[in-house]
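Accompanying notes for the structure given below.
Each ligand, and each atom within it, is numbered from 1 in the order the structure gives. Heavy atoms only: backbone and side chains are in, while hydrogens, waters and symmetry mates are out.
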Amino acid sequence: MTSTDSGVPLLELTDIAVHFGGVKAVDGVSIRLDEGRIYGIMGANGSGKSTLLGAVTRLNPLTRGQMMFDGVEFTRLRPHRVAHLGVARTFQTVRLIDDRTVRDNVQLGVDTVTRAHRHELTTSVDEVMERVGITAVQRMRPSELSYGMQRRVEIARAIVGQPRLLLLDEPTAGMNTAERDEVSDLMRALQSEGLTQLLVEHDVQMMVDVCDYLFGMNQGELIAQGEPEAVVADDAVRESYLGKAAHDA
Ligand SMILES: Nc1ncnc2c1ncn2[C@@H]1O[C@H](COP(=O)(O)OP(=O)(O)O)[C@@H](O)[C@H]1O
Ligand SMILES: [Mg+2]
């Protein structure tokens, strides 16, 4: 039975906090994601988006809160066990191993999933590389590629393990508009296969185009959520986002 059938959210976060000393990077966030939808988190730099994704993958220590995946609590699981549950992510800064080929880097995504599934997944490394558009560069090293291509390799590594939830942290940073549209198309294609996605992205247009539902964050807290058009137009979101952007500029 899928979560959609049972009404159980795929991901449910309750009162999540991640404090780094005195810095309340995330402070009391509760969200639920239903299976098969694409969600987005908007917020100025420093609002806690990446830290929240890091809390879900258990790479950031939790100060408080509870996390459930498809009805199973994973608040205290080790990061590799969270990956086994079916949670995968890409990082805001590219994290690829440079003394290995592109293909090897994608293969590493297979190694994060449970041993029992590995055999069927190795056959899909080629398919995933084809799909993401990196087949031609599979023998190259990541550093020989453009930034946009490196990001594709990261996405390939994240999806090759066939996760149920994909967290994407600014996957189109450094990409041009055409490349960005390709990522949007890929996300929709993955959605049509049932993959739930949570996207952090600064491009407001892409957020509205690709997401079914948006969250707005500011200073570690949720300040809005709902239909994308409504969240983008929300006064508090506009003030935090545009005010900070104007300040940074
Ligand atoms: N490992 C860390 N140690 C200390 N402070 C951190 C750490 N990671 C993030 N922060 C701080 O937490 C806040 C939120 O950061 P981050 O989650 O990266 O925001 P965003 O992704 O929304 O730009 C920032 O003030 C940042 O400096
Ligand atoms: Mg970030």
Side-chain angles (χ1 to χ4, degrees), residues 11 13-31 33 38-67 75-76 78-80 82 87-96 147-148 150-155 157-158 165-175 179-180 183-184 187 197-208 210-211 213-226 228 231-232 234-249:
L11 182 74
L13 308 180
T14 307
D15 193 28
I16 297 300
V18 179
H19 297 175
F20 298 107
V23 178
K24 296 179 176 179
V26 175
D27 198 37
V29 169
S30 299
I31 68 175
L33 308 187
I38 301 180
Y39 296 85
I41 309 178
M42 286 184 64
N45 284 333
S47 55
K49 307 178 300 292
S50 294
T51 304
L52 184 64
L53 299 192
V56 172
T57 52
R58 296 284 295 122
L59 292 175
N60 287 335
L62 220 55
T63 305
R64 62 168 199 273
Q66 188 197 44
M67 307 197 291
T75 317
R76 279 166 230 300
R78 303 266 301 274
H80 72 278
V82 177
V87 180
R89 79 175 283 186
T90 66
F91 290 91
Q92 185 172 344
T93 28
V94 171
R95 296 190 187 184
L96 296 168
Y147 195 59
Q150 292 181 28
R151 303 227 67 127
R152 291 176 197 227
V153 179
E154 275 228 315
I155 294 171
R157 184 180 57 185
L165 173 63
L166 177 61
L167 312 174
L168 296 148
D169 200 351
E170 302 193 23
T172 70
M175 289 187 179
E179 291 174 315
R180 192 169 288 182
V183 173
S184 298
M187 289 182 70
Q197 295 160 78
L198 179 57
L199 170 70
V200 170
E201 172 59 54
H202 280 296
D203 187 317
V204 174
Q205 191 57 52
M206 179 178 175
M207 289 296 246
V208 172
V210 88
C211 295
Y213 194 92
L214 288 186
F215 298 98
M217 276 186 83
N218 188 41
Q219 297 187 344
E221 296 179 11
L222 268 194
I223 55 169
Q225 63 178 294
V231 171
V232 166
D234 182 272
D235 283 343
V237 171
R238 291 178 71 90
E239 190 180 327
S240 69
Y241 206 67
L242 303 172
K244 183 79 190 318
H247 184 266
D248 288 349

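- A donor-acceptor pair under 3.5 Å is absent between the side-chain atoms of Lys49 and the main chain of Met217, judged by distance alone.
- To the nearest 0.5 Å, atom CD1 of residue Ile31 and atom CG of residue Leu11 are 6.0 Å apart.
- Checked by distance only, ligand 1 and Asn45 stay at 3.5 Å or farther apart across all their nitrogen or oxygen atoms.
- Any protein N/O/S atom under 2.8 Å from the Mg ion (ligand 2) was counted, giving 2 altogether.
- Under a 4.0 Å heavy-atom criterion, Ala44 is in contact with ligand 1.
- From the protein, the heavy atom lying nearest to atom 16 (P) of ligand 1 is Thr51 OG1, 3.5 Å.
- Taken from CD in Glu221 to OG in Ser240, the straight-line distance is 11.5 Å, to the nearest 0.5 Å.
- Among Val87, Leu53, Val56, the single residue meeting the side-chain contact (heavy atoms from CB on, under 4.5 Å) criterion with Leu198 is Leu53.
- Closest heavy-atom approach to atom 13 (C) of ligand 1 within the set Gly48, Gly46, Gly43: this belongs to Gly46.
- At the top of the distance list for atom 1 (N) of ligand 1, counting protein heavy atoms only, stands Phe20 CE2, 3.6 Å.
- Using modelled atom types, one finds a donor on one side chain and an acceptor on the other under 3.5 Å when comparing Gln92 with Ser50.
- Given atom 12 (O) of ligand 1, the protein heavy atom at minimum distance is Ala25 CB, 3.2 Å.
- Closest protein heavy atom to atom 25 (O) of ligand 1: Val23 CG1, 3.9 Å.
- Looking at Tyr39 and Gln197, their side chains never bring a donor and an acceptor atom within 3.5 Å of each other.
- Summary of contacts: the protein heavy atom closest to atom 22 (O) of ligand 1 is Lys49 NZ, 2.7 Å.
- The environment of CD in Gln219 is sparse: at most 12 heavy-atom neighbours from other residues, nucleotides or ligands sit within 6.0 Å.
- In this structure, atom 27 (O) of ligand 1 is not in close contact with the protein, since no protein heavy atom lies within 4.0 Å of it.
- Side-chain N or O atoms of Asn60 include one that pairs as donor or acceptor with a backbone N or O of Thr51 at under 3.5 Å.
- How far CZ of Arg76 is from CG of Leu62: 7.0 Å, rounded to the nearest 0.5 Å.
- Residues that satisfy the side-chain hydrogen bond (donor to acceptor under 3.5 Å, both in side chains) test with Arg64, not counting sequence neighbours, are Asp15.
- Looking at atom 18 (O) of ligand 1, its nearest protein heavy atom turns out to be Ser50 CB, 3.8 Å.
- Annotation: the span from Asp169 atom CG to Leu52 atom CG amounts to 10.0 Å, rounded to 0.5 Å.
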